[in-house]
Visitor: 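Before I ask anything, here is the structure I am working with.
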Number of protein chains: 2
Amino acid sequence: MNSRNKKTAEVSDGPVSMADLAKELGVSMTTVSRALSDHYSIGPATKQKVLKLAKKLNYQPNQMAAALRKGKSKLIGVIVPYIEGRFFPSVVHGIETAARKAGFSVIICQSNEDVAHERKNIETLLNAQVAGILVSLSRNTRDFKHFEKVQKRGVPLVFFDRILEGDNVNAVVLNDREGAYQTTRHLLEQGCRRVAHFAGLQHLNIYKNRRQGYLDALRSFDLPLDEELIIYSDMTLEQGVAGMKQLLALPNPPDGVFAAGDSSILGALQLLKSRGIRVPQDIALAGFSNEGFTAITEPMLTSVDQRCEEMGQATVRLFMELVEAKGTPFYQRQVVLQPQLFIRESSLHSGKR
Amino acid sequence: MNSRNKKTAEVSDGPVSMADLAKELGVSMTTVSRALSDHYSIGPATKQKVLKLAKKLNYQPNQMAAALRKGKSKLIGVIVPYIEGRFFPSVVHGIETAARKAGFSVIICQSNEDVAHERKNIETLLNAQVAGILVSLSRNTRDFKHFEKVQKRGVPLVFFDRILEGDNVNAVVLNDREGAYQTTRHLLEQGCRRVAHFAGLQHLNIYKNRRQGYLDALRSFDLPLDEELIIYSDMTLEQGVAGMKQLLALPNPPDGVFAAGDSSILGALQLLKSRGIRVPQDIALAGFSNEGFTAITEPMLTSVDQRCEEMGQATVRLFMELVEAKGTPFYQRQVVLQPQLFIRESSLHSGKR
DNA sequence: CTGGATTACATAAACGATTGTGTAATTTAT
DNA sequence: ATAAATTACACAATCGTTTATGTAATCCAG
């Protein structure tokens, strides 16, 4: 059991510490530490010696010790509402990849769309001494209070996708408005004249912006806004079915639907097919998120890609900038990603009207 | 900047330490530490006092310090091949939920289906002092060497889904063989007499077992094995298309296909539809994984559900058992989850033959 | 009423790296 | 040749917990 009684450090026993290296080389731990971190006060010859021995003994620094001393670890905390579907797993994938490249590990937390969980997650991450926190807000987060503690501690904070508007924060977002605008315009260009919209909860920036883009497009075609054509919901598949029913019951039903989410537009498609209404000939459809299934349905669904991977990478990049720009205190920045419209069969009128 | 010049601890400044509590109460840090961890040597009155003040000052223990001292953190490392599709995100979701309930955070690593990455992940996690490692093997992992270091350090190790067979390890797996057996039998019961199989890489337990289940079912119907009907591949959508073409080119094509993965069966479906071959009337189809899209295609695809969430939870449970059974050294256990067959249109012959 | 258990707490040494301060030795400037 | 600067390293405190090892005080049995 006794592992410290050896003259020359052997590879045999567990973790090699800086003390081991120091003893072996007959220098102080300071020298070893500074040699490893390329400190100016260490001579090139000594540095070489240390590096070589470190490699030879396969020295692995104890992250915890460093974290304790420095008050910061090599961990990045990520808070997402949930880990399902296509979007969040992909963003997390992007984050993980970029973070690891920069020498960080990521801790995943879910808020389960609940601000109370979100608060707990913050606590957890803070006393895990994370180097930074990346977060996409839960659905019912409406204030900023629990994040102030993070800022007060000087822990870099970056939001992505779902953010609190108005507040001056670091964030990576998609240009949802532009995506919605392009999509709606596309429907209009295909000949639609009454385009309906499945809208999400309006306190969330993403859904508000998508609705705004929809309105922009209508205006650009000098079309009037008909509030009857906007259906607000949580955008589930079931609500897509219900919404479509509601639209069909209108005296003057739409000839196109743009949904702020793919599940709901899928619901609409299923309902239309069950009623024998042709897509896109009778009603054209387009969604948002470019979920995997959009390329599988018949007809395939037009949708907006959210650049999940890029968003993850950009979020980490922004975090890194914050880490490096340590001095500058109020360095706030927003990165806006451009969405990409994938036009598929569900919106392609070939020469209608 | 100076934060330690206060007689009574104020909530104002950052993290409250045990030393703060001790000073405030006029006891030693030992007492505080032990009171918080419910040590027998601390009187109930003192315990109460400490707990109360801790709550009042919102004391949050510094995980890093504890981890450093104890040599173990409250972190669980998870290594998965990738984070996409339905399976791994869902398992991770299950792991995350269960782990958090037990007071652990999870660190996610991807091996990108590469054993070299897997090795690096192990290193990363080990010197992050994780309390345990949960891993689903990369596609090209064929030996156990890099895991021996983990065991040597006494870090609990649990495999899930993709494991190395033969080795005596702790693992949570699906009964793939049973799932495949049931599915193939189902096809046979529906009247199929020539059932083909899209098989995956045979060195992976999951694909080997699925093939075995397929063979079991054939035998249970006294049907001969026709090697022509087994197509080996990586099971992508494209390979599903190609595989189906190959099968159709046979002098005596199959009347059913059971694939060890959903993507490939989707490819098969697409090809069949493009050729006007009816599913399930002419050829019945069934897949594996119960991906989201299986309920969306037309016809909907029969598939086997892998109990992703349960697998995640079971993996954490097994890990916890290992932690608690600290004394018992060679405590190895395998948990086998029962798959669930979801029968959908693609395999339902109504009275064929 | 004495000796051994039990209760309730304190002292201080870890854990492994980082870093402000100190100090020789060497180099450069004057 | 001497003061000043620079180079190259060591000492020791520190981060916040945990824990082995005391050590008083209280308690019960004999």
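Numbers restart at 1 for each chain; the letters A, B, ... are given by sequence-line order, proteins then strands. Computed from a predicted model, the values in this text were never measured in an experiment.
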Visitor: Does any donor atom in the side chain of B/His117 or B/Gln110 lie under 3.5 Å from an acceptor atom in the other side chain?
Guide: no

Visitor: On DNA chain C, does the nearest nucleotide to B/Ala65 precede the nearest nucleotide to A/Arg69 from the 5' side, or the other way round? Give the residue.
Guide: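 Result: B/Ala65.
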
Visitor: Under the salt bridge (charged side-chain N to carboxylate O under 4.0 Å, His left out) rule, collect the residues that match up with A/Lys70, sequence neighbours excluded.
Guide: none

Visitor: So do B/Phe160 and B/Val135 actually touch side chain to side chain, heavy atoms under 4.5 Å?
Guide: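 No - every pair of side-chain heavy atoms lies 4.5 Å or more apart.
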
Visitor: Between A/Ser41 and A/His39, is any side-chain donor less than 3.5 angstrom from a side-chain acceptor?
Guide: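 Per modelled atom types, A/Ser41 and A/His39 side chains form a pair under 3.5 Å.
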
Visitor: How would you list all residue pairs meeting side-chain hydrogen bond (donor to acceptor under 3.5 Å, both in side chains) that involve residues 132-141 of chain A, not counting sequence neighbours?
Guide: A/Glu118-A/Thr141, A/Ser138-A/Asn140, A/Ser138-A/Thr141

Visitor: Could you verify whether a donor N or O on one side chain and an acceptor N or O on the other, from B/Gln332 and B/Asn168, lie under 3.5 Å apart?
Guide: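 No, no side-chain donor-acceptor contact under 3.5 Å.
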
Visitor: With respect to the phosphate group of C/dC15, does any side-chain polar atom (N or O) of A/Ser17 fall under 4.0 Å of OP1 or OP2?
Guide: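 No, A/Ser17 has no side-chain N/O under 4.0 Å of OP1/OP2 on C/dC15.
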
Visitor: Taking NZ from B/Lys49 and P from C/dC9, how many angstroms apart are they, rounded to a whole number?
Guide: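 It is 7 Å, rounded to the nearest whole Å.
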
Visitor: Please report the distance, rounded to the nearest Å, between CD1 in A/Ile42 and C1' in D/dA10.
Guide: 10 Å

Visitor: What I'd like to find out is whether the side chain of B/Leu21 reaches to under 4.5 Å of the side chain of B/Val16, using heavy atoms alone.
Guide: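 In contact.
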
Visitor: Using a 4.0 Å heavy-atom cut-off, does A/Met29 contact any base of the nucleic acid, only the sugar-phosphate backbone, or nothing at all?
Guide: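 Base, at least one base heavy atom under 4.0 Å.
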
Visitor: Where the side chain of B/Thr46 is defined as all heavy atoms beyond and including C-beta, which of D/dC15, C/dA17, C/dC9 is the nearest nucleotide?
Guide: C/dC9

Visitor: Given C/dA17, D/dA10, C/dT11, identify the nucleotide with an atom nearest to the side chain of B/Ser28.
Guide: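 Given the options C/dA17, D/dA10, C/dT11, the side chain of B/Ser28 is closest to C/dT11.
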
Visitor: Return the value, rounded to whole Å, for the distance between atom CE of B/Met64 and atom P of D/dT17.
Guide: 12 Å

Visitor: Round to a whole Å and report the spacing from NZ of A/Lys47 to C1' of D/dA8.
Guide: 11 Å

Visitor: Return the value, rounded to whole Å, for the distance between atom CG of B/Asn127 and atom P of C/dA17.
Guide: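 Taking atom P of C/dA17 as the reference, CG of B/Asn127 is at 10 Å.
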
Visitor: Between C1' on D/dG16 and NZ on A/Lys70, what's the gap in Å once rounded to a whole number?
Guide: 17 Å

Visitor: What is the distance from CE of A/Met18 to P of C/dA17, rounded to the nearest Å?
Guide: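 In whole Å, C/dA17 P and A/Met18 CE are 6 Å from each other.
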
Visitor: May I ask you to evaluate whether B/Thr30 reaches the phosphate of D/dT18, defined as a side-chain N or O under 4.0 Å from OP1 or OP2?
Guide: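 Checking D/dT18 against B/Thr30, no side-chain N or O comes under 4.0 Å of OP1 or OP2.
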
Visitor: A/Ser41 near the nucleic acid: base, sugar-phosphate alone, or nothing, with a heavy-atom cut-off under 4.0 Å?
Guide: base

Visitor: Please give, in whole Å, the distance from D/dA8 P to A/Gln48 CD?
Guide: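 Atom-to-atom, A/Gln48 to D/dA8, this comes out as 13 Å.
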
Visitor: Check each residue of residues 32-40 of chain A for a non-hydrogen atom within less than 4.0 Å of any atom in DNA chain D, then write out the ones that pass by number, or none.
Guide: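 Within residues 32-40 of chain A, the residues near DNA chain D are A/Arg34.
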
Visitor: If you compare every side-chain N and O of B/Tyr59 against the phosphate oxygens of D/dT17 (OP1, OP2), does one of them come in below 4.0 Å?
Guide: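 It does, given that an N or O in the side chain of B/Tyr59 lies less than 4.0 Å from OP1 or OP2 of D/dT17.
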
